[in-house]
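Structure first, then comments.
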Amino acid sequence: DSVWHEVAYGKNASYRDGHHGNALLSRFPIVKQENEDISAHVFESRGMLHCVLKPGPRMPELHCLNVHLGLFERGRQWQIHSLVERIRATVPRSAPLIIAGDFNDWRHKANRALIEDLGVVEVFEEVEGRTARTYPSLMPMFRLDRIYARGLRVHDARVHYAWPATRMSDHAALAATFDLMPRRAR
């Protein structure tokens, strides 16, 4: 709580020993949050957490979406469509946007669709020239996790392979640093 003053959590599944879902940690106020069930079938509980942050008094609101997409191609295509439609309906084209999460997108189909449909950049492609290897966390080979942005300047993108993160998830953690431009006074 010394760094992350705000927390949003969207529970996607409950089971006997606990639950799982998507979370957003922020040092900026979260002014709005909504978790949407985007499960494509009963065998996988998946969600899309949409938060709106207020970085500062003269700064535009920042829309952040956190997703965990399904393992099966057909369901993933429907989930990507739902993500695109939600953004088109709720995020102004001029608003800064970050989309991050586990896309389970081995063949980069979601990558192409998001870039073409939403005008976002994949931050690791922007910085490193290719998406990051994140799975499995101990020896990453697959590029399943992504961070996309629009209306922000990408400064840096990193993959965290260090212990104890490998104990907390079977995916390596991604991080990116952005510049958000203040709104001009009118």
Side-chain angles (χ1 to χ4, degrees), residues 3-4 7-10 12 20-28 35 38 40 44-51 53 55 62-73 75-84 86-87 91 95-180:
V3 176
W4 312 113
V7 177
Y9 177 67
N12 297 329
H20 71 263
N22 298 327
L24 183 124
L25 309 174
S26 175
R27 61 186 173 133
F28 303 115
N35 192 54
I38 56 167
E44 292 180 321
S45 296
R46 304 298 181 179
M48 171 173 39
L49 178 63
H50 181 178
C51 296
L53 283 58
L62 172 63
H63 289 259
C64 298
L65 285 93
N66 183 321
V67 298
H68 186 187
L69 303 185
L71 296 172
F72 302 104
E73 179 74 32
R76 237 184 356 265
Q77 292 303 315
W78 175 81
Q79 291 163 338
I80 288 295
H81 177 75
S82 296
L83 174 63
V84 168
R86 176 173 188 87
I87 291 169
V91 180
L97 168 69
I98 297 172
I99 309 164
D102 178 356
F103 285 81
N104 279 316
D105 184 30
W106 297 274
R107 296 177 12 198
H108 284 234
K109 286 186 173 185
N111 196 46
R112 286 187 294 275
L114 291 173
I115 290 169
E116 290 171 12
D117 292 345
L118 298 174
V120 296
V121 297
E122 202 285 333
V123 300
F124 283 85
E125 285 181 344
E126 188 83 359
V127 173
E128 303 287 333
R130 69 172 86 166
T131 54
R133 293 180 191 269
T134 58
Y135 182 83
S137 60
L138 286 174
M139 190 179 292
M141 296 172 40
F142 301 105
R143 304 171 192 278
L144 303 183
D145 304 277
R146 311 266 166 65
I147 301 174
Y148 297 92
R150 179 176 80 195
L152 300 160
R153 188 174 13 191
V154 182
H155 273 286
D156 189 33
R158 297 178 187 246
V159 183
H160 297 280
Y161 299 113
W163 181 265
T166 56
R167 211 178 103 224
M168 294 187 289
S169 176
D170 56 347
H171 293 250
L174 300 179
T177 305
F178 303 98
D179 262 348
L180 176 62

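Side chains are part of it too, since the values below use all heavy atoms of this structure and drop only hydrogens, waters and symmetry mates.
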**Prompt:** Which heavy atom in R133 sits nearest to a heavy atom in M141, and how many Å separate them?
**Reply:** NH1-O, 2.7 Å
**Item:** All side chain to side chain contact (heavy atoms under 4.5 Å, CB included) counterparts of A95, not counting sequence neighbours
**Value:** H63, V91, P92
**Complete:** Rounded to the nearest 0.5 angstrom, the CG-CD1 distance for D117 and I80 is 9.5 Å
**Request:** Give a yes or no on whether H81 atom NE2 has more than 12 heavy-atom contacts from other residues, nucleotides or ligands under 6.0 Å away.
**Result:** no
**Side chains of M48 and N22 in contact at under 4.5 Å (non-hydrogen atoms)** = no
**Message:** Using every non-hydrogen atom in the two residues, find where P96 and G151 come nearest and quote the distance to one decimal.
**Reply:** CB-O, 4.0 Å
Scan the side chains in residues 121-128 for donor-acceptor partners under 3.5 Å anywhere in the protein, sequence neighbours excluded, and list what turns up.
{"unit_1": "E122", "atom_1": "OE1", "unit_2": "F124", "atom_2": "N", "d": "2.8"}
{"unit_1": "E122", "atom_1": "OE1", "unit_2": "E125", "atom_2": "N", "d": "2.8"}
{"unit_1": "E125", "atom_1": "OE2", "unit_2": "N111", "atom_2": "ND2", "d": "3.1"}

**Asked** Among L24, L62, L53, which residue meets the side chain to side chain contact (heavy atoms under 4.5 Å, CB included) test with I98?
**Response** L62
**Message:** Could you check whether any side-chain heavy atom of V154 comes within less than 4.5 Å of a side-chain heavy atom of I147, counting everything from C-beta outward?
**Reply:** no
**Asked** Could you state the interatomic distance from NE2 (H68) to NE2 (H20), rounded to the nearest 0.5 Å?
**Response** 7.0 Å
**Asked** Is any side-chain heavy atom of L83 closer than 4.5 Å to a side-chain heavy atom of I38?
**Response** no
**Fill in**
Interatomic distance, CG@L174 vs NE2@H160, rounded to 0.5 Å, equals 8.0 Å
**Complete:** Heavy-atom nearest pair, P55 first then L180, reads CG-CD2, 3.4 Å
**Straight-line distance of L65 CG to I99 CD1, nearest 0.5 Å** = 6.0 Å
**Heavy-atom pair of closest approach, residues V159 and A132** = CG2-CB, 3.5 Å
**Distance-only side-chain donor-acceptor flag, D102 / H171, under 3.5 Å** = yes
**Request:** Drop me the distance from Q79's CD to R76's CZ, to the nearest 0.5 angstrom.
**Result:** 8.5 Å
**Message:** Can you classify the ring geometry of Y135 versus F142 as parallel (below 30°), tilted (30 to 60°) or perpendicular (above 60°)?
**Reply:** tilted
**Message:** Has N104 got a side-chain atom pairing as donor or acceptor with L69's backbone, closer than 3.5 angstrom?
**Reply:** yes
**Request:** Assess whether side chain to side chain contact (heavy atoms under 4.5 Å, CB included) is satisfied between Y148 and L118, documenting all intermediate values.
**Result:** CA-CA 10 Å; Y148 297 92; L118 298 174; over 6 Å; no
**Message:** Is the shortest side-chain heavy-atom distance between L25 and Y9 below 4.5 Å?
**Reply:** no
**Asked** Pairs in or reaching into residues 143-158: which pass salt bridge (charged side-chain N to carboxylate O under 4.0 Å, His left out), with residues at least two apart or in two chains?
**Response** D105-R146, R153-D179, D156-R158
**Prompt:** Do E44 and N12 pass the side chain to side chain contact (heavy atoms under 4.5 Å, CB included) test, and can you show the C-alpha distance, the side-chain angles, and the key distance before you say yes or no?
**Reply:** CA-CA 9 Å; E44 292 180 321; N12 297 329; over 6 Å; no
